[in-house]
Amino acid sequence: MKSTPTDAELFRAMHHGPEPLILPNAWDPVSARVMADAGYRAIATSSGAVARVLGYDDGQLTPPAEMFAAVARIVRAVGVPVTADMEAGYGLAPKEFAERLLETGAVGCNLEDSVAGSLVDPAEQADYLNAVRAAAGADLVINARVDNFLSSGDVTDAIARGRAYRRAGADCIYPIMAPVDVLHHLATEIGGPLNAHATPTGPTAADLLTAGATRISYGTSLHTHTTNTLRALLPTLT
């Protein structure tokens, strides 16, 4: 008898299907339900948006227990796979990180290679990713963020980091804020699925997919857009 694919297997397959994977980023159960009701096949969380909802700033300032609890609430609220943006792992050892994230019900994670604005040594980051992969097995789809374009913008270094993270077991590479005109080169040189960052005001998902991305996410931009809409609305209520 053929076994039923796990949610992680289904989510991993979405990275290789005929349709692009577009992930809106939720910050609480309400936003997650709205996204699921709109027909999205999977949902990501935004660590920055979740942090702000919890009363913290972005940048690994949220206590891990609060972030894991927030992810668990989002997972419980929807019936589609959820992948969690977990910044740089909050200083947790790989095994503890993987076990605690799996307990939330999330099937994937986003892990970035910078802390406090400084890039982590790529070999050190690759070791961390490899250890998370070993602890989680196939139950987590790992999206390895390359933060090079937030600082130097060195394409050669970004490619080297992406390749190292793929060898370490990452399922997808995320060169956040990479210019649209280098995405195809990055996708070709790194290999495998490539995540790109869209916003409601552009670049659009269509722009990024045409340029070579296979997975699109929105980071904090949807929460920011929603907050700005509320800010504009409030003066009209009096």
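Residue indices begin at 1 and follow the sequence shown. Computed from a predicted model, the values in this text were never measured in an experiment.
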Colleague: Quick one: does Thr83's side chain have a donor or acceptor within less than 3.5 Å of a partner on Cys109's backbone?
Modeller: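 Yes, Thr83 side chain to Cys109 backbone: donor-acceptor pair under 3.5 Å.
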Colleague: With distance as the sole test, does Asp207 use its side chain to make a donor-acceptor pair with the main-chain N or O of Thr204 at under 3.5 Å?
Modeller: yes
Colleague: Minimum heavy-atom separation for Ala158 and Ile190, please, with both atom names.
Modeller: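 Result for this residue pair: O-CD1, 4.1 Å.
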Colleague: Could you give all pairs that pass the side-chain hydrogen bond (donor to acceptor under 3.5 Å, both in side chains) test and reach residues 124-142, with sequence neighbours left out?
Modeller: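 Qualifying pairs, neighbours excluded: Arg133-Asp171.
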Colleague: As a test of understanding, state which of Ile22, Leu194, Val180 forms a side chain to side chain contact (heavy atoms under 4.5 Å, CB included) with Leu208.
Modeller: Val180
Colleague: Main chain of Leu150, side chain of Asp147: is a donor-acceptor contact present, judged purely on distance under 3.5 Å?
Modeller: no
Colleague: For the backbone of Thr201 and the side chain of Thr199, can you confirm whether one donor and one acceptor N or O come within less than 3.5 Å of each other?
Modeller: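 Present.
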Colleague: Can you spot which of Asp58, Thr220, Asn25 makes a side chain to side chain contact (heavy atoms under 4.5 Å, CB included) with Ser47?
Modeller: Asp58
Colleague: Is a side-chain N or O of Asp85 found less than 3.5 angstrom from the main chain of Glu87, in a donor-acceptor match?
Modeller: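 Checked: pair present.
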Colleague: Tell me the closest heavy-atom pair linking Pro94 and Ala135, and the distance in Å.
Modeller: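 Reported closest heavy-atom pair: O-CB, 4.3 Å.
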Colleague: Indicate whether the side chain of Tyr165 and that of Arg161 have a donor and an acceptor atom separated by less than 3.5 Å.
Modeller: yes
Colleague: Are Ile216 and Val146 connected in the hydrophobic side-chain network, where two residues link if heavy atoms are under 4.5 Å apart?
Modeller: yes
Colleague: Checking the side chain of Asn195 only, and the main-chain atoms of Tyr174 only, is there a donor and an acceptor separated by less than 3.5 Å?
Modeller: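 Between the backbone of Tyr174 and the side chain of Asn195 there is no qualifying donor-acceptor contact (under 3.5 Å).
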Colleague: Would you say Ser114's side chain and Gly117's backbone share a donor-acceptor pair under 3.5 angstrom?
Modeller: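 Not at all, since once roles are kept as given, no pair shorter than 3.5 Å links the two residues.
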Colleague: Strictly distance-based, threshold 3.5 Å: is any side-chain N or O of Glu112 a donor or acceptor partner for the main-chain N or O of Arg145?
Modeller: no
Colleague: With Glu19, which residues qualify under side-chain contact (heavy atoms from CB on, under 4.5 Å), at least two apart?
Modeller: Arg41
Colleague: Regarding His15 and Arg215, is there a side-chain donor-to-acceptor distance under 3.5 Å anywhere?
Modeller: yes
Colleague: Other than Leu21, which residues form its hydrophobic cluster under the rule that side-chain heavy atoms must be closer than 4.5 Å?
Modeller: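 Leu21 clusters with Phe11, Met14, Leu23, Val107, Val141.
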Colleague: Treating Arg12 as the side-chain partner and Leu140 as the backbone partner, does any N or O pair qualify as donor plus acceptor under 3.5 Å?
Modeller: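 The answer is yes, because a donor-acceptor pair under 3.5 Å joins these two groups.
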